[in-house]
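Notes for the one structure printed next.
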Amino acid sequence: MNIPVQVKSFQIIGNPVSCIEYGNGHINLTLKLETDTGNKYILQRINKYVFKNPVKVVDNANGVTRFLREKTGDPNSALCYVETVDGGYCHEDAEGEFWRMYHYVEAICLESPETLEDFYESAIAFGTFQRYLSDYPVETLYETIPNFHNTPDRFRQLKEAIAADPKGRVAQVQKEIEYALSLEEKGGTLQRMLEAGELPLRVTHNDTKLNNVLLDANTRKSLCVIDLDTVMPGLSAFDFGDSIRFGAATTQEGDPNPENMKLDMERFEAYTRGFLTAATALTDKEVEVLPYGALIMTLEVGIRFLADYINGDVYFRTHYPEQNLVRCHTQLALAANMLKNWDEMNAIVAKIAKEIRG
Ligand code: ADP
Ligand code: GN1
Ligand code: MG
């Protein structure tokens, strides 16, 4: 593709020679840029529909990456932003779109774990990330998407979409709506526990998909956690759960055949072991509800895909017309399979917790 004009607004080394669309993110437009000096960069256009205040999103991520670098003493432990020619980190172009740039990290980024060790490593990465951020100054953190993992509110938004039915798609998705609503009560479990003071708010990542962590190509150890747009106060079980729904699934989110979708118990166990090894500050209650985190993150994103399909695909990036519905089907199938395996999931968490925490 042509080199976007916005590149000129960043202090890069060399002259750009290539630019391609990169990665499988559902939110931002991500481009990989190379220059004639061999330098590589990631240029992103921030999704303004999703993030109402892109400058604050960049400020947040900047604060978090700086904090992580200081804490670890390792300059590569977090993404590194490229300064704009004006000395900032976010560029607003003539169309009012917001752009940012990072140094490209030479690494492996997986859509699905190739081995149990890969998945264990990602758990260490996200668990450690949460532990490191335990003393992050919360008051400086801007809430980039209010109510992001407030599941009852996500059900409210689904019902709002159903009532509005702007594309006339509701009649076609009655079965999906009925199944989703049958789990509404269960879906609110953790939010209710949070409100009752039974679970603490922590600084969490909130989007812990396997493709939001980079692994070293040689050692397969985690290099750094990326996609920091949703770092906000949240529940530890949700960080655990979102990783499970994405990485412990037997097929990908976009598989058109939902019958392929199940929970892989070996991966569930490997991730639990990694997460509990790294996230050492969790209370017993937080550990106990980890399976709920997995179930609720799966159900929640299932209804978000459904609502977006009903709304006409305005939130998630799609590559063909039915893609959000396909994604909804895999997620509802996975939630159903988790309910089938519920006792085993709880038994695994209890067993690993005993092993690691005593
Ligand atoms: P989105 O919010 O759309 O998911 P991400 O920030 O996760 O955007 O970026 C999308 C993808 O681009 C990632 O999954 C990863 O594959 C790749 N990526 C992002 N930043 C880097 C980086 N600094 N180095 C290497 N790859 C990156
Ligand atoms: C989005 O940005 P990305 O692709 O890592 C979404 C997550 C969903 C996920 C589903 C800001 O994640 O909440 O769980 O898609 N991010 C945002 O794959 O909404
Ligand atoms: Mg991402």
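Start at 1 and go down the list; that is how both ligands and their atoms are numbered. One is the number of the first residue; the rest follow in order along the sequence. Keep in mind that this is a model prediction, so the values were computed, not measured.
Within the 4.0 Å heavy-atom criterion, neither part of Phe246 lies near ligand 2. No part of Asn47 comes within 4.0 Å of ligand 1, judged by heavy-atom distances. The residue Met297 has no part lying near ligand 2, judged by heavy-atom distances below 4.0 Å. Contacts with ligand 1 closer than 4.0 Å are made by backbone heavy atoms (N, CA, C, O) of His26 only, the side chain lying farther away. Contacts between Asp229 and ligand 2, counted as non-hydrogen atom pairs separated by less than 4.0 Å, are absent for every part of the residue. When heavy-atom distances to ligand 1 are checked against a 4.0 Å cut-off, Val105 comes that close through both its backbone and its side chain. Contacts between Thr30 and ligand 1 below 4.0 angstrom, taking non-hydrogen atoms only, involve the side chain exclusively.
Put simply, Asp227 gets within reach of the Mg ion (ligand 3), with an N, O or S atom under 2.8 Å from it. Between the Mg ion (ligand 3) and Asn212 there is an N/O/S contact shorter than 2.8 Å.
The Phe305 neighbourhood of ligand 2 comprises atoms 10 (C), with distances under 4.0 Å to a heavy atom of that residue. Shown in contact with Leu79 at under 4.0 Å from a heavy atom are these atoms of ligand 1, numbered in order with element: 23 (N). For ligand 1, the atoms closer than 4.0 angstrom to any heavy atom of Tyr104 are 24 (N), 25 (C), 26 (N). Against a heavy-atom cut-off of under 4.0 Å, Asn212 is close to the following atoms of ligand 1: 7 (O). Ligand 2 places these atoms under 4.0 Å from at least one heavy atom of Thr230: 11 (C). Within ligand 2, the atoms closer than 4.0 Å to a non-hydrogen atom of Tyr315 are 11 (C), 17 (C), 19 (O), numbered from 1 in the order shown. The atoms of ligand 2 that sit less than 4.0 Å from any heavy atom of Gly25 are 4 (O). Using a 4.0 Å cut-off to heavy atoms of Arg245, the atoms of ligand 2 that qualify are 9 (C), 10 (C), 14 (O), 18 (O). Residue-ligand proximity, Ile27 to ligand 1, at heavy-atom distances under 4.0 Å covers atoms 2 (O), 3 (O). Taking every heavy atom of Cys109 and a limit of under 4.0 angstrom, the matching atoms of ligand 1 come to 14 (O), 15 (C), 16 (O). Ligand 2 places these atoms under 4.0 Å from at least one heavy atom of Asn212: 5 (O). Listed by atom number, the atoms of ligand 2 under 4.0 Å from Val301 heavy atoms are 8 (C), 10 (C), 14 (O).
Atom 3 (P) of ligand 2 has as its closest protein heavy atom Asp207 OD2, 3.4 Å. At the top of the distance list for atom 11 (C) of ligand 1, counting protein heavy atoms only, stands Gly23 CA, 4.0 Å. Closest protein heavy atom to atom 9 (C) of ligand 2: Lys209 NZ, 3.6 Å. The protein heavy-atom contact nearest to atom 1 (P) of ligand 1 is Asp227 OD2, 3.5 Å. Protein heavy atom nearest atom 1 (C) of ligand 2, with residue, atom name and distance: Ile27 CG1, 3.8 Å. The protein heavy-atom contact nearest to atom 3 (O) of ligand 1 is Asn28 N, 2.9 Å. Protein heavy atom in closest approach to atom 15 (O) of ligand 2: His26 CD2, 3.4 Å. Here the protein heavy atom with the shortest distance to atom 5 (P) of ligand 1 is Gln44 NE2, 3.4 Å. Distance from atom 21 (C) of ligand 1 to its nearest protein heavy atom, with residue and atom name: Ile42 CG1, 3.5 Å. Looking at atom 14 (O) of ligand 1, its nearest protein heavy atom turns out to be Asn211 O, 2.8 Å. Of all protein heavy atoms, the one lying nearest to atom 19 (C) of ligand 1 is Ile226 CD1, 3.7 Å.
The shell of residues lying under 4.0 angstrom from ligand 2, judged by heavy atoms, excludes Arg317. Ligand 2 lies less than 4.0 angstrom from a heavy atom belonging to Asp227. Contact between Arg304 and ligand 2 is present, with at least one heavy atom of the residue lying under 4.0 Å from the ligand. Heavy-atom separations between His103 and ligand 1 include at least one value shorter than 4.0 Å.
Under the side-chain hydrogen bond (donor to acceptor under 3.5 Å, both in side chains) test applied with Glu253, the options Gln323, Lys209, Gln331, Arg245 reduce to a single match, Arg245.
Proximity of Asp118 to Leu215: side-chain heavy atoms (C-beta onward) are separated by under 4.5 Å at one or more points. Within the 4.5 Å cutoff, the side chain of Thr208 has no heavy atoms near those of the Phe246 side chain.
A salt bridge links Arg357 and Asp284; the closest N-O separation between the charged side-chain nitrogens and carboxylate oxygens is under 4.0 Å. One finds no salt bridge joining Lys56 and Asp59 here, because no Lys/Arg side-chain nitrogen approaches an Asp/Glu carboxylate oxygen to under 4.0 Å. A salt bridge does not link Glu178 to Lys175: none of the charged side-chain nitrogens sits closer than 4.0 Å to a carboxylate oxygen. The pair Glu184-Lys159 meets the salt-bridge criterion, with a side-chain N (NZ, NE, NH1 or NH2) lying under 4.0 Å from an Asp/Glu carboxylate O. Between Arg192 and Glu198 there is no salt bridge, since no side-chain N of the basic residue sits under 4.0 Å from a carboxylate O of the acidic one.
Other residues, nucleotides and ligands contribute only 12 or fewer heavy atoms inside 6.0 Å of the NZ atom of Lys186.
No side-chain donor from either of Glu34 and Asn39 sits under 3.5 Å from a side-chain acceptor of the other. When only modelled atom types and interatomic distance are considered, Asn15 and Asp36 share a side-chain donor-acceptor pair under 3.5 Å. Defined by atom type and a distance below 3.5 Å, a donor-acceptor pair is present between the side-chain atoms of Gln172 and Tyr309. Counting only N and O atoms by type, the side chains of His149 and Glu300 include a donor and acceptor under 3.5 Å apart. No donor-acceptor contact under 3.5 angstrom links the side chains of Asn28 and Asn47, judged on distance only. Tyr22 and Thr30 share no donor-acceptor pair across their side chains, judged by distance under 3.5 Å alone.
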Could you go through the ring-ring contact (aromatic ring centres under 6.0 Å, His included) check for Phe240 and Tyr271 one step at a time? CA-CA 8 Å; Phe240 170 87; Tyr271 195 93; 5.7 Å; yes
How far apart are the C-alpha atoms of Arg66 and Glu70, what are their side-chain angles, what is the distance that settles it, and do they pass the salt bridge (charged side-chain N to carboxylate O under 4.0 Å, His left out) test? CA-CA 6 Å; Arg66 207 169 295 149; Glu70 271 167 26; 5.9 Å; no
With side chain to side chain donor-acceptor pair (under 3.5 Å) as the test, would you mind laying out the steps for Asn206 and Thr204 before giving the verdict? CA-CA 6 Å; Asn206 294 304; Thr204 48; 3.2 Å; yes
Any chance you could lay out the side chain to side chain donor-acceptor pair (under 3.5 Å) test for Thr151 and Gln191, step after step, and finish with the verdict? CA-CA 7 Å; Thr151 319; Gln191 182 65 28; 5.9 Å; no
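Note that Lys71 lies outside the cation-pi zone of Tyr132, set by a 6.0 Å cut-off to the ring centre and a 45° limit from the axis. Cation-pi contact between Lys32 and Tyr104: present, with separation from the ring centre below 6.0 Å and deviation from the ring axis of at most 45°.
Between Asn206 and ligand 2, no N or O atom pair is found at a separation short of 3.5 Å.
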